[in-house]
Every structure is written in structure tokens, then in C-alpha cells.
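Here the structure is laid out as C-alpha cells; the discussion comes afterwards.
Index from 1, following the sequence. It should be emphasised that the depicted structure is a prediction, and the values quoted were computed from it without experimental measurement.
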Amino acid sequence: MTVEKFTPDINKVYFIEKHTLIHILSGKGSIQVDFKNYYDWQEKAIFLEKGQYIKFLSSDFVVRSIEFSNDNVFYHSEVRVLFKHLISLGYINLMECEECQAFLSKSLIEENATTIIDVSSKQWYWQNPFKANKEEYQIIFDTKEIIDQEYFNRLTSKDIVSLINDRGYNAQSLVKDKVGLSIKNLMGKKRLIESKKEVAFTEKSIQEISYELGFKDDAYFSRVFKNATGLTPKQFRDNFDFENRDMFSQDIVYLLQEYHTQERSLEFYADKMNLSIKTLSKKVRSKMNVSLGQLIRLELINTAKLMLIEGESIATISNRLGFEEANHFSRFFKHYSGISPTQFISKKYNV
């Protein structure tokens, strides 16, 4: 097991080469995993498997990376739930798991890797994100296992179901009910992610990629890709800018960090970036997979959370963040974070 504490570079792609636990020690803002952005990850442990990548879209993260050398444990049916993500990331909320926090402390972390995994798996089932029992989870993840192995072979949903031991359940209905996506949609989602990786991270021709992914020709692949992403494969490759990592994302993040408590108008940030509002909004969306308005709101929410943690009153926070009334701030906070400021404080300190 290899343990490393580091401050990641903003917008850099970190490829996962071994099964890895990413422990967010501090930081606010968003992260990106496999082309999807996620928010509010402080005090969470994220589980990533080989072949995934992670980017940090803010400059103030401090993380601990734990690479596990023994792969065998991760193919155990009870453990794979941590690493085989269905529609979101596999993670453990450390605020809700004191036992997990103990095993991630510096004094214990290098002693027993399997114990960390066992405790985390137990917590994942307790969180029960898809409201299923353990037998149902095994069917769901058997399905995901087959999709991960066969996505390039153009199997139909019926083909996949025929390979599953459904233990008397209807696998098609079970997956749709618990996950919210059909088996066909899960297969399409996996194929799209792998398509994006091949386009963004390799120099392969589009013809070569389409052939390897089981498409009948590159023209058909390009149509499918553009329908899903809004960009041609070439546009997507150029826009992702994997090798050069242009400064646009860093520049807009730094502007937001400096001015978000005073300025919320798109026009202000467009002027600062010497772009029109339309051009800036389009570029933010294409580069960062999120709207400029969402980025502004995210900065406000994260700053509010930090101030709440530090013991600032709701009235003080409301005033500092430019809200006319404290109840306006409270409504804003609850709308975008899902809980009220008071509930956030209670959850933070009374787990």
C-alpha cells in the first residue's frame, strides 16, 4: 500500500493505475471523475478503480492518496460496490462513520489495508445509496461487471441478462427500479465514457477508435458521439486540451475565488476575461462541464459552509455574502445544498 499526501495541480488529469482511495482532507470546489463534475467533497473518501481519472477544479485541495497493491481483494463481491460506480462516485461520508475516520488517521493508515476496505464496505452498505438488499446489490453489480467486460462487443440487454444469475429476480426490472437506468442505458453510458477517454487521452485516429469500440464505421461513431456530447470527436479532443492544459479554467476559478462574495453578475466576469457573456458561458460549459452561474453559486455555498464551520452567525454570513436579509441567505443555502444552515451545523458537529 502506498500513501501520499499532496496538493493537486488545478485541472491536471491524474490517472488511476491501481485501486485507489482518495481522501479529501481539505478544499472546496469541484472535482471531475470520468468527465463528470462533482461538488462538496471535503471529508469524504472516494474509491476509484484502475482506468479512471480524477481532476481537481480548484486550487485549494489537499488530499491523501492511498494506492492498494493487492488487487485480489477488490474483486470480492462484497467489496466491488466501492469501486464499480453505477451513476455516481463510490464514496464514504466520513462525517457519518467514526470507525472509518479512525482507520484513516495517520497512526493507523499503513497498518492494515484490508481493514480499511472492510470498514468502508460496511459503511457503504449502511449508507445504502440505492435502497436495495445485499442480494439485489449482487445482481446489480454482476450486471455492471458484465457491462465493463463486454461494452465493446455490442451486446443487447437480453444478451447481458442471459449472462446473469438473477437468483429469481428480474434483472432488467431490478436495475431499472434501483439504479434509475435501464441495462441498455448503463451499457451506453459505459461505451460513451470509454469513447471519450480514447478521444481525449490518445492520439488514435477516429477510425481506429470506432473500430476498437465495435462501431460499424467511423462516420456512424462520429454521429453517435456528437449526438451525446454536442461535439465531434475532433472538437472534443481539441477542447479537452489534455496535454496543454490551457489557463482558462484556472483563470476563471481564481476570479471566482477573489470576487464571488461581491459580484454575481455574468457581465462582471465576462468583462474581466475580455469576452462576451455568451462566449464566456459557452467556454465555461465546454471546458468545465458546468455553467458559469453554477460555479458562482458553488463558490458562495462553499464559502458559507466554511464560515458556518468557523462559528460565524447566519446574519454575519448573509451580510458578508451580499444577501439583503438573513432569511434570503438561508433559503439560498437550503435550495442549493439540500439542508438549512442550522441543519448543516448540526450534522457537522453532532454525528
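Few gaps surround NZ on Lys189; more than 12 heavy atoms of other groups in view lie less than 6.0 Å from it. The environment of NZ in Lys178 is crowded: more than 12 heavy-atom neighbours from other residues, nucleotides or ligands sit within 6.0 Å. Crowding of Tyr91 atom OH: a count of heavy atoms from other residues, nucleotides or ligands under 6.0 Å not exceeding 12. The environment of CD in Glu4 is crowded: more than 12 heavy-atom neighbours from other residues, nucleotides or ligands sit within 6.0 Å. Under a cut-off of 6.0 angstrom, the local environment of CD in Gln127 is crowded, with over 12 non-hydrogen atoms contributed by other residues, nucleotides or ligands. With a 6.0 Å radius and a threshold of 12 heavy atoms from other residues, nucleotides or ligands, Lys282 has its NZ atom at or below the threshold.
One side chain, Asn185 or Ser182, offers a donor N or O that lies under 3.5 Å from an acceptor on the other. Side-chain N/O atoms of Thr303 and His260 include a donor and acceptor closer than 3.5 Å. Using modelled atom types and a 3.5 Å distance limit, the side chains of Asn153 and Glu150 yield a donor-acceptor pair. At a cut-off of 3.5 Å, with distance as the only test, a side-chain donor of Asp159 or Thr156 sits close to an acceptor on the other residue.
Looking only at distances, no side-chain donor or acceptor of Ser65 sits under 3.5 Å from a matching main-chain atom of Ile22. With Glu194 contributing its side chain and Arg191 its backbone, the two residues share no donor-acceptor pair below 3.5 Å. Glu299 places no side-chain N or O within 3.5 Å of a backbone atom of Ile296 that could act as its donor or acceptor partner.
Counting only heavy atoms from C-beta outward, the side chains of Leu186 and Val175 approach each other to under 4.5 Å. The shortest side-chain heavy-atom distance between Thr20 and Phe47 does not fall under the 4.5 Å cut-off. Using a 4.5 Å heavy-atom threshold, the side chains of Leu21 and Phe68 count as touching. A heavy-atom distance below 4.5 Å is found between the side chains of Ile147 and Ile160. Between Gln207 and Phe221, the closest side-chain pair of non-hydrogen atoms is not below 4.5 Å. Contact of the Gln52 side chain with the His85 side chain is registered, since non-hydrogen atoms from C-beta on lie closer than 4.5 Å. A 4.5 Å side-chain heavy-atom check between Ser291 and Val284 finds every atom pair outside the cut-off. Using a 4.5 Å heavy-atom threshold, the side chains of Gln32 and Leu57 count as touching.
Ion pairing of Lys197 with Asp34 is present here, as a side-chain N (NZ or NE/NH1/NH2) and a carboxylate O approach within less than 4.0 Å. By the 4.0 Å N-to-carboxylate-O rule, Arg80 lies close enough to Asp142 to be salt-bridged with it. Salt-bridge annotation for Glu17 and Lys50: absent, with no side-chain N of the basic residue lying under 4.0 Å from a carboxylate O of the acidic one. Using a 4.0 Å cut-off between charged nitrogen and carboxylate oxygen, Glu263 and Lys272 do not count as a salt-bridge pair.
Looking at every heavy atom in both residues, Ile309 comes nearest to Phe344 through CG1-CE2, 3.9 Å. For the residue pair Ser120 and Ile92, the shortest heavy atom distance occurs at O-CD1, 3.2 Å. The minimum heavy-atom distance linking Leu266 with Gly293 is given by the pair CD2-N, 4.3 Å. The two residues Phe333 and Ser337 have their closest heavy-atom pair at O-OG, 2.5 Å. Summarising the geometry of Ser121 relative to Leu82, their closest heavy-atom pair is OG-CD1, 3.4 Å, with the distance given to 0.1 Å. Contact record, Phe225 with Val199: CE1-CG2, 4.0 Å, taken as the closest heavy-atom pair.
Pairs passing the salt bridge (Lys or Arg N to Asp or Glu O under 4.0 Å) check and including a residue from residues 203-219, sequence neighbours excluded, read Glu198-Lys204, Lys204-Glu212. Residue pairs satisfying the side-chain hydrogen bond (donor to acceptor under 3.5 Å, both in side chains) criterion with at least one member in residues 229-238, sequence neighbours excluded, are listed as follows: Thr232-Gln235, Lys234-Asp238. Applying the ring pair (Phe, Tyr, Trp, His ring centres under 6.0 Å) test to every pair with at least one member in residues 157-212, sequence neighbours left out, gives these pairs: Phe15-Phe201, Phe35-Phe201, Tyr53-Phe201, Phe201-Phe240, Phe201-Phe242.
Hydrophobic clustering (ILVMFWY, side-chain heavy atoms < 4.5 Å, transitive): Ile193 and Ile31 are in distinct clusters. Clustering ILVMFWY residues whenever any of their side-chain heavy atoms sit less than 4.5 angstrom apart, transitively, puts Tyr336 in the very cluster that holds Ile314. Residues Leu25 and Ile10 are members of separate hydrophobic clusters, defined by side-chain heavy-atom contacts under 4.5 angstrom among Ile, Leu, Val, Met, Phe, Trp and Tyr. Note on Phe6 and Val62: separate hydrophobic clusters, where clusters join Ile, Leu, Val, Met, Phe, Trp and Tyr whose side-chain heavy atoms are under 4.5 Å apart, directly or indirectly.
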Verdict with reasoning, Lys190 to Asp148, per side-chain contact (heavy atoms from CB on, under 4.5 Å): CA-CA 7 Å; Lys190 172 66 175 178; Asp148 287 350; 3.5 Å; yes

Worked check of side-chain contact (heavy atoms from CB on, under 4.5 Å) between Tyr137 and Asn128: CA-CA 10 Å; Tyr137 273 126; Asn128 196 4; 2.6 Å; yes

side-chain contact (heavy atoms from CB on, under 4.5 Å) assessment of Leu174 paired with Val179: CA-CA 8 Å; Leu174 176 63; Val179 180; over 6 Å; no

CA sep, side-chain torsions, deciding dist, call: Asp9, Tyr14, side-chain contact (heavy atoms from CB on, under 4.5 Å): CA-CA 9 Å; Asp9 293 339; Tyr14 290 88; 3.8 Å; yes

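Between the OH atom of Tyr151 and the CD1 atom of Ile146 there is a distance of 15.5 Å, given to the nearest 0.5 Å. Glu325 CD to Ser318 OG: the interatomic distance, rounded to the nearest 0.5 Å, is 7.5 Å. The distance from the NZ atom of Lys36 to the OG atom of Ser88 is 5.0 Å, given to the nearest 0.5 Å. In this structure, Ser26 OG and Arg64 CZ are separated by 11.0 Å, a value rounded to the nearest 0.5 Å. Expressed to the nearest 0.5 Å, how far CD1 of Ile164 lies from CD of Glu145 amounts to 11.0 Å. Expressed to the nearest 0.5 Å, how far CG of Leu306 lies from CD1 of Ile301 amounts to 11.5 Å.
A distance of 6.0 Å or more separates the ring centres of Phe83 and Trp124.
No cation-pi contact links Lys12 to Phe56, judged by a cut-off of 6.0 Å to the six-membered ring centre and 45° from its axis.
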